[in-house]
Amino acid sequence: MREILFRGKRIDNGEWITGGIFQQKADDVKDEVVYIIDNSSNDVDWAHRVIPETVGQFTGVTDKKGNRVFEGSIFRYEPHFTTEKACLGIVKYRNTYDRQRACNDCGFVIEWQHEPLLTLREDLLYWCGDGKSASVIGNIHDMNDNPELFEE
């Protein structure tokens, strides 16, 4: 059975937590409330409120270093040739077909930010596993802590 897992940043202390998800939105309330349910904890507080914008689903794969890949992860591709520049991309879920895109993969994809002359494949599974030269270096929700990630 595949692992269905979510990640989110806790409201109370800013730490990342993974687990199941519970969303709550009342008709008369503007904002939805999202909780990550920590199944691994023996703690009484097993459901933690998280910032909704930080929630991302586990893609089911790991990068070349064994890091779990979630929506919002930032990938860095190191080309084999030293004449090419490294590329950064963001893991997203795409469920629609876009006629304007050269690649029209649906599901979990990497949207490359500064592509070289050649168009890089967007399908996430291609970039994960042994022998690949792309790895997770952070996530978009911690960009305030690491703004240099996307600087040229």
Is a donor on one side and an acceptor on the other found under 3.5 Å between the side chain of E71 and the backbone of Q57?
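Flag set: sc E71 to bb Q57 pair under 3.5 Å.
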Just by modelled atom types, is the V69 backbone N or O under 3.5 Å from a matching donor or acceptor in the T59 side chain?
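Yes: the side chain of T59 pairs with the backbone of V69.
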Using side-chain contact (heavy atoms from CB on, under 4.5 Å), reason through F108 and V61 one step at a time and then give a plain yes or no.
CA-CA 10 Å; F108 291 106; V61 296; over 6 Å; no
I need the [X] [atom1] to [Y] [atom2] distance, nearest 0.5 Å.
X: S73; Y: H141; atom1: OG; atom2: NE2; result: 8.5 Å
X: I110; Y: R94; atom1: CD1; atom2: CZ; result: 11.0 Å
X: R10; Y: T54; atom1: CZ; atom2: OG1; result: 12.0 Å
X: L124; Y: F75; atom1: CG; atom2: CZ; result: 5.5 Å
X: T18; Y: I36; atom1: OG1; atom2: CD1; result: 8.0 Å

Would a hydrophobic clustering, with Ile, Leu, Val, Met, Phe, Trp and Tyr connected at side-chain separations under 4.5 Å, put [X] with [Y]?
X: F22; Y: W46; value: yes
X: I4; Y: W16; value: no
X: Y93; Y: W112; value: yes

E15: side-chain contact (heavy atoms from CB on, under 4.5 Å) partners, not counting sequence neighbours:
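For E15 the side-chain contact (heavy atoms from CB on, under 4.5 Å) partners, ignoring immediate neighbours, are N13.
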Could you pull out the closest heavy-atom pair between R7 and G72, with the gap in Å?
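Closest heavy-atom pair between R7 and G72: NH2-C, 4.1 Å.
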Salt bridge (charged side-chain N to carboxylate O under 4.0 Å, His left out) between D63 and K65, intermediate numbers included:
CA-CA 5 Å; D63 70 358; K65 297 177 183 175; over 6 Å; no
What orientation do F70 and F58 show, parallel under 30°, tilted 30 to 60°, or perpendicular over 60°?
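Rings of F70 and F58: tilted, 30 to 60°.
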Using the side-chain contact (heavy atoms from CB on, under 4.5 Å) rule, take I137 and L88 through it: C-alpha gap first, then chi angles, then the decisive distance, then the call.
CA-CA 9 Å; I137 61 166; L88 297 179; 3.6 Å; yes
Test item: R49 and D12 side chains (from C-beta on) under 4.5 Å apart, heavy atoms:
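Not in contact.
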Student check: side-chain heavy atoms of V50 and F6 closer than 4.5 Å:
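A side-chain contact is absent here, since even the closest heavy-atom pair is not under 4.5 Å.
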Residues forming a salt bridge (charged side-chain N to carboxylate O under 4.0 Å, His left out) with R68, sequence neighbours excluded
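R68 satisfies salt bridge (charged side-chain N to carboxylate O under 4.0 Å, His left out) with E3 only.
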Worked verdict on Q113 versus I74 for side-chain contact (heavy atoms from CB on, under 4.5 Å)
CA-CA 10 Å; Q113 302 302 299; I74 299 173; over 6 Å; no
